[in-house]
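The next block holds one structure in the form of structure tokens; read it before the comments.
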Amino acid sequence: MEPKYQPNFFEEKIYQFWEGNNYFHAEINKEKKPFSIILPPPNANADLHLGHAMYVYEDIMIRFYKLMGFEVLWLPGADHAGFETQYVFEKHLKEKGKSRFDYNREELYQMIFEFVMKNRDNMENQLRRLGFALDWQRKKFTLDADIIQVVYDTFKKLFEAGLVYRAKRLVNFCTFCGTSFSDLEVVYKEKLGKLYYIKYLFKSKNDNIKNKNYISVATTRPETLLGDTAVAVNPKDKRFKNLIGRSLIVPLVNREVKIIADLVVDPKFGTGAVKVTPAHDQTDWEISQRHNLSLIQVIDFDGRMMKEAGEEFQGLFINQAREKVVEKLKELNLIEKIDDYKHRVGHCYKCGQVIEFLPKEQWFIKIKPLAERAKEKVVKEKIKIYPKRFKKILLWWLDHFQDWNISRQVVWGIRIPAYKCQSKIKNQKSKIEKESWFVSLEKPKKCLICGNCDFKQDEDTFDTWFSSGQWPFATLASCSISNIKYQKSKTHIKNQKEKNNLITKQFNNEFFNYFYPTSVMETGYDILPWWVARMIMLGLFYTGKVPFKNVFLHGLVKDKFGQKMSKSKGNVINPMEMIDKYGADALRLALVYQVKEGNDQSLSEGKIVGMRNFINKVWNIGRFIYLTKQIKNQKSEIRNNSLKSIIIKKLKKEYVNEKKRYLKLMKDFKFSLALSLLYKFLWHRLADFYIERLKEEFKNGNIKASKVLEDVFLGNLIMLHPFTPFVTEAIWRIYYNKKESILDKKF
RNA sequence: GGAUCCUUAGCUCAAUGGCUAGAGCAUUCGCUUGACGUGCGAAGGGUUGGAGGUUCGAGUCCUCCAGGGUCCACCA
């Protein structure tokens, strides 16, 4: 054994040994209890960052339960990351002077597909370098044909259950990225703007308020008045009480609108009267629904003013239109005043531009019934949440979700399997949207509504979270399909009927039933509403069971000053670089040691160095024992009741206690404390105290003392293995002359 | 406005109501000790943000105050 542990020398070989000998492969084993985790699928296209390295908690659990004698499955996967990936790809195109509009849908999809596949191996190998005990034979991709089939099936079942509907609503739309977003993806930022007080003249000369022939309304977005269809006041507001129902004239467009009363209006804000633009403001949209107001869209999906805004404004960008509107109003003396105003504005989380509210027909999921069911399971602890405080947060979300817009105007994703009957549109037979749409798992040969029209498939794809929200059951169902010898092809769907039959049969499949519900879902707390909540809702809907029994949430990794890591700040720690320098074990320990589960942590290279030192210590304890074992002239006894023999007894006792506490902590998800226990014991008790005290005995070849020391050390090696798999395996295999793996052992 | 986390050594953080409040890094001194200098031995560094309370016992539980972070909501 070398005096220093050299991770680079061992790690790759050891991982190949594990993978090559199927140590990570799971099968049904009726004699064992199952323990399963589905890896949160990283973006197939991107390098791993420290957030992914935090999945080390999963590896710790997987390896721990393997050593506990469970049949463990840790299923890896990759996410196509729809919009995220397309965004990156479009940047590449831009560098080449191209844009997505230079290609048709199929070309673009194929190009992105190749782009992603080229990088997927890279991402997967990075997971290997972290030492993760993933069952690679069962790896999945969110765009695998059989995953897509499950996603289609979920959509169809939701559609049939009336839980997915198509509606024209205001959606969060980024006119720069060209797609809509769910509410969760909009980032609100404080912004300094102006509050304009604009005069709306009464139509009738008899109407007035305090002898003025107008009402002022306050707005931050004067350009939207081009689409106003009412002015609203609070019904309890005495100032306006007598004016409700009267008519005003919207400036510039000279449209006659009524004064309406709605409780949503705050009398204390602005003038107490508010302009209502149903097409471009969420609150106004809601008012319009209550009052049956008409909707006039004046801003288009490319961020320019439409024909409906009037000839003068048509084609202008929003900001230009705003300036022009204000200018015109000033000319007409219709601006009462302009205040500085600080308010919060929604921005695109990706490109940072202002999000517009635009009316668009989209698919929505009716959340309420799904959330109610999920809530019940969480309240009754059919799903346990660790740390506990996140239970409350999850429940808050389940109470506050709005209907979920799952349509995205992006090519890279799972195209929505909904088809529109064309004859219905032509004949205008049905005003109800749902009646002109049908959902089909396979490309239909004829229109399922009228039977003969040239039906059209929806151009949109699903929100990535819609498919990843099904990940636990979709992956296991897909494994079931593979298990019954289904030959899958990655992109092209062959023999559709056979496949659909298999999908409906999948829940009778043993493999699925053995591992589902999964044991733990482990991920960062930042995606609790995006992902965890949706997995629970969709999992319950599709399978009738919770998708996982426990949720374990970890915190975010920040730099050593507690700042968020970002490329622009230049404070990013690259996990692969750290592995190159200090080994995977050191990085893994640094992410877990002395960190409270669920709390954010600051990570510095110094901490990784410290952990590397501990690993070297463990290596050297092993080396010491290994070397003293070679000593000849071993004698079997020392004098009874001697001080030495008391120390040996003490060591045995301390070890028994340590192990007991370790097992308890690990079962309670208190991994960091378990690690501290091992750290302290190995370094400050075993090495500093016992070995130093008994050094002479060992060197004199005292068999009894050596045996105890060896047992205690090897026991600790097994306990430490979930945290530092490489060094423990390396020592073990040297110790046993490469004859066995530490993974064959049990506690 | 709501929720939540945090405030402990110079820095970053641990600590299951219970022994002298610990670790990593940093600092000082001494050791070329036959496992390890990625080490060993020692030292310095703390009124655990503040004020009350519960308790035999509080860094930990409760109340209030101050400061910081994060998430969410939001009035045009």
Side-chain angles (χ1 to χ4, degrees), chain A residues 1-6 183-184 186-188 193 195-198 217-222 224-225 228 231-232 234 262 264-277 280-284 287 341 343-346 387 389-390 392-393 395-397 400 402 525-526 528-529 555-556 558-564 582-583 586 589-590 592-628 661 664-665 668 670 672-673 675-677 679-680 683-684 687-688 691-692 695 698-699:
Chain A
M1 285 174 89
E2 298 292 317
K4 278 179 190 151
Y5 174 61
Q6 289 168 320
D183 296 337
L184 291 177
V186 180
V187 181
Y188 283 86
L195 191 61
Y196 303 85
Y197 289 76
I198 301 170
V217 299
T219 180
T220 54
R221 301 200 57 188
T224 62
L225 67 76
D228 277 3
V231 168
N234 192 298
D262 196 288
V264 83
V265 180
D266 177 2
K268 287 182 203 127
F269 186 87
T271 60
V274 54
K275 63 192 253 349
V276 181
T277 321
H280 300 293
D281 183 277
Q282 198 62 47
T283 313
D284 293 1
I287 294 174
Y341 185 61
H343 62 151
R344 289 170 68 78
V345 180
R389 67 187 138 99
F390 289 113
K392 205 173 164 184
I393 296 173
L395 289 173
W396 185 92
W397 274 107
H400 289 82
Q402 301 289 316
Y525 69 76
D526 52 328
L528 184 68
L556 277 35
K558 303 186 173 175
D559 78 356
K560 61 177 169 180
F561 304 111
Q563 300 286 312
K564 203 172 171 181
Y582 309 108
L589 286 188
V592 176
Y593 186 63
Q594 297 236 305
V595 173
K596 199 156 154 183
E597 290 80 10
N599 277 16
D600 292 349
Q601 64 171 307
S602 301
L603 186 73
S604 62
E605 194 166 336
K607 188 171 180 190
I608 303 171
V609 172
M611 294 300 111
R612 189 269 318 261
N613 296 353
F614 170 65
I615 287 158
N616 191 58
K617 188 74 189 178
V618 175
W619 171 262
N620 268 290
I621 299 170
R623 182 161 178 258
F624 175 78
I625 296 172
Y626 183 73
L627 293 176
T628 53
R661 285 182 63 198
K664 170 102 172 61
L665 289 168
D668 289 346
K670 302 204 165 163
S672 189
L673 286 177
L675 175 59
S676 284
L677 183 71
Y679 184 101
K680 250 179 230 168
W683 199 325
H684 301 302
D688 292 351
I691 290 183
E692 291 304 323
K695 219 167 205 173
F698 301 135
K699 293 203 168 152

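Here is how names work: the chains are called A, B, and so on, in the same order as the sequence lines, proteins then strands, and each is numbered from 1.
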Identify whether any heavy atom of R623(A) sits under 4.0 Å from a base atom; if not, whether one sits that close to sugar-phosphate; answer base, sugar-phosphate or nothing. sugar-phosphate
Between rG53(B) and rU28(B), how far apart are the two P atoms, rounded to whole Å? 45 Å
Across all strands, who's sitting opposite rA23(B) as a Watson-Crick or G-U wobble pair, both distances under 3.5 Å? rU12(B)
For the pair N234(A) and D262(A), evaluate side chain to side chain contact (heavy atoms under 4.5 Å, CB included) and give the outcome as yes or no after the intermediate values. CA-CA 5 Å; N234(A) 192 298; D262(A) 196 288; over 6 Å; no
Assign N599(A) to base, sugar-phosphate, or nothing according to its heavy-atom contacts below 4.0 angstrom with the strands shown. sugar-phosphate
Check for a donor-acceptor pair, side chain of T277(A) on one end and backbone N or O of D228(A) on the other, with a separation under 3.5 Å. no
Any strand counts, and the cut-off is 3.5 Å on both contacts for Watson-Crick or G-U wobble. Which nucleotide pairs with rA42(B)? rU28(B)
Between rC25(B) and rU20(B) - P atom distance, rounded Å: 27 Å
Does N613(A) place a side-chain N or O at less than 4.0 Å from the phosphate oxygens OP1/OP2 of rG39(B)? yes
Return whichever of Q282(A) or L184(A) has its heavy-atom-nearest nucleotide of RNA chain B closer to the 5' end. L184(A)
Quick one: does Y525(A)'s side chain get under 4.5 Å of L556(A)'s, heavy atoms only? yes
Euclidean distance, atom CG of residue D559(A) to atom C1' of rC11(B) [Å, nearest integer]: 12 Å
Between rA76(B), rU38(B), rA15(B), which nucleotide gets closest to the side-chain atoms of R612(A)? rU38(B)
Whole-Å distance between rA23(B) P and H684(A) NE2? 6 Å
Name the nucleic acid region contacted by H343(A), choosing base, sugar-phosphate or nothing; use a 4.0 angstrom heavy-atom cut-off, strictly under. sugar-phosphate
Length of the line joining M611(A):CE and rA14(B):P, which is rounded to integer Å: 14 Å
Using a heavy-atom cut-off of under 4.0 Å over every strand shown, decide if K560(A) touches base, sugar-phosphate, or nothing. sugar-phosphate
Regarding Y341(A), tell me which of base, sugar-phosphate or nothing describes its non-hydrogen contacts under 4.0 Å with the strands shown. sugar-phosphate
Given the P atoms of rC19(B) and rU27(B), what is the spacing between them in whole Å? 32 Å
To the nearest angstrom, the CG-P distance between L589(A) and rC13(B) comes to 19 Å
So what does K268(A) touch, heavy atoms closer than 4.0 Å: a base, only the sugar-phosphate, or nothing? nothing
Which nucleotide in rA15(B), rA35(B), rC75(B) has an atom nearest any side-chain atom of D266(A): rC75(B)
Considering every strand and a 4.0 Å limit on heavy-atom distances, what is the contact class for L556(A): base, sugar-phosphate, or nothing? nothing
What integer number of Å spans the P atoms of rG49(B) and rA58(B)? 15 Å
What nucleotide among rA76(B), rU12(B), rG41(B) has an atom nearest to a side-chain atom of D688(A)? rG41(B)
N616(A) side chain, from C-beta outward: closest of rC6(B), rC75(B), rC36(B): rC36(B)
Which whole-number value in Å describes the distance from D526(A) CG to rG69(B) P? 19 Å
Trace of the side chain to side chain contact (heavy atoms under 4.5 Å, CB included) decision for L673(A) with L677(A): CA-CA 6 Å; L673(A) 286 177; L677(A) 183 71; over 6 Å; no
Going by purine N1 to pyrimidine N3 plus the second Watson-Crick contact, or the G-U wobble pair, all under 3.5 Å, which nucleotide sits opposite rC61(B)? rG53(B)
Any side-chain heavy atom of T283(A) within less than 4.5 Å of one from V264(A)? yes
Check step by step if side chain to side chain contact (heavy atoms under 4.5 Å, CB included) holds for Y188(A) and V186(A). CA-CA 6 Å; Y188(A) 283 86; V186(A) 180; 3.9 Å; yes
Looking at every strand, decide which applies to E692(A) at a 4.0 Å heavy-atom threshold: base, sugar-phosphate, or nothing. base
In terms of heavy-atom contacts, P222(A) and I198(A) come closest through CB-CD1, 3.9 Å
Taking atom types as modelled and ignoring hydrogens, do the side chains of T224(A) and K275(A) form a donor-acceptor contact shorter than 3.5 angstrom? yes
Within the 4.0 Å heavy-atom criterion, would you say K4(A) contacts the bases, only the backbone, or no part of the nucleic acid? base
Classify the nucleic acid contact of W619(A) as base, sugar-phosphate or nothing, counting any heavy atom under 4.0 Å across all strands shown. nothing
How far, in whole Å, is rU54(B) from rU12(B) if one measures between their P atoms? 35 Å
Check every strand shown and say whether S604(A) touches a base, only sugar-phosphate, or nothing at a heavy-atom separation below 4.0 Å. nothing
Expressed in whole Å, how much space separates the C1' atoms belonging to rG45(B) and rC11(B)? 13 Å
Proximity to the side chain of K558(A) - top-ranked nucleotide from rG69(B), rC72(B), rA35(B): rG69(B)
K695(A) vs rA35(B): side-chain N/O to OP1/OP2 distance below 4.0 Å: yes
Nucleotide of rA23(B), rA76(B), rC72(B) approaching Q594(A) most closely (side-chain heavy atoms): rA23(B)
Once you round it to whole Å, what is the distance between P of rG69(B) and CZ of F561(A)? 17 Å
May I have the step-by-step check of side chain to side chain contact (heavy atoms under 4.5 Å, CB included) for K695(A) and F624(A), ending in yes or no? CA-CA 10 Å; K695(A) 219 167 205 173; F624(A) 175 78; 4.0 Å; yes
Determine the Euclidean distance between corresponding P atoms of rU55(B) and rU8(B); express it in Å to zero decimal places. 29 Å
Nearest-nucleotide wise, let me know which of P3(A) and T271(A) is further upstream toward the 5' end of RNA chain B. P3(A)
Nearest-neighbour nucleotide for the W397(A) side chain, rA73(B), rC5(B), rC72(B) considered: rC72(B)
Proximal nucleotide (of rC5(B), rA15(B), rA76(B)) relative to the K596(A) side chain: rA15(B)
Among rA3(B), rC72(B), rC36(B), which nucleotide has an atom closest to any side-chain atom of K392(A)? rA3(B)
Describe the nucleic acid contact of Y5(A) in one word from base, sugar-phosphate, nothing, applying a heavy-atom distance below 4.0 Å. nothing
note: Y593(A), atom OH; rG22(B), atom C1'; distance rounded to Å ~ 9 Å
Have a look at Y679(A) and say if it touches a base, only the backbone sugar-phosphate, or nothing, with a 4.0 Å heavy-atom cut-off. sugar-phosphate
What is the separation between atom CD on Q563(A) and atom P on rG69(B), rounded to the nearest whole Å? 10 Å
Taking the C1' atom in each of rG22(B) and rU60(B), what is the distance between them to the nearest angstrom? 15 Å
Under 4.0 angstrom, heavy atoms only, what part of the nucleic acid is A687(A) near: base, sugar-phosphate, or nothing? base
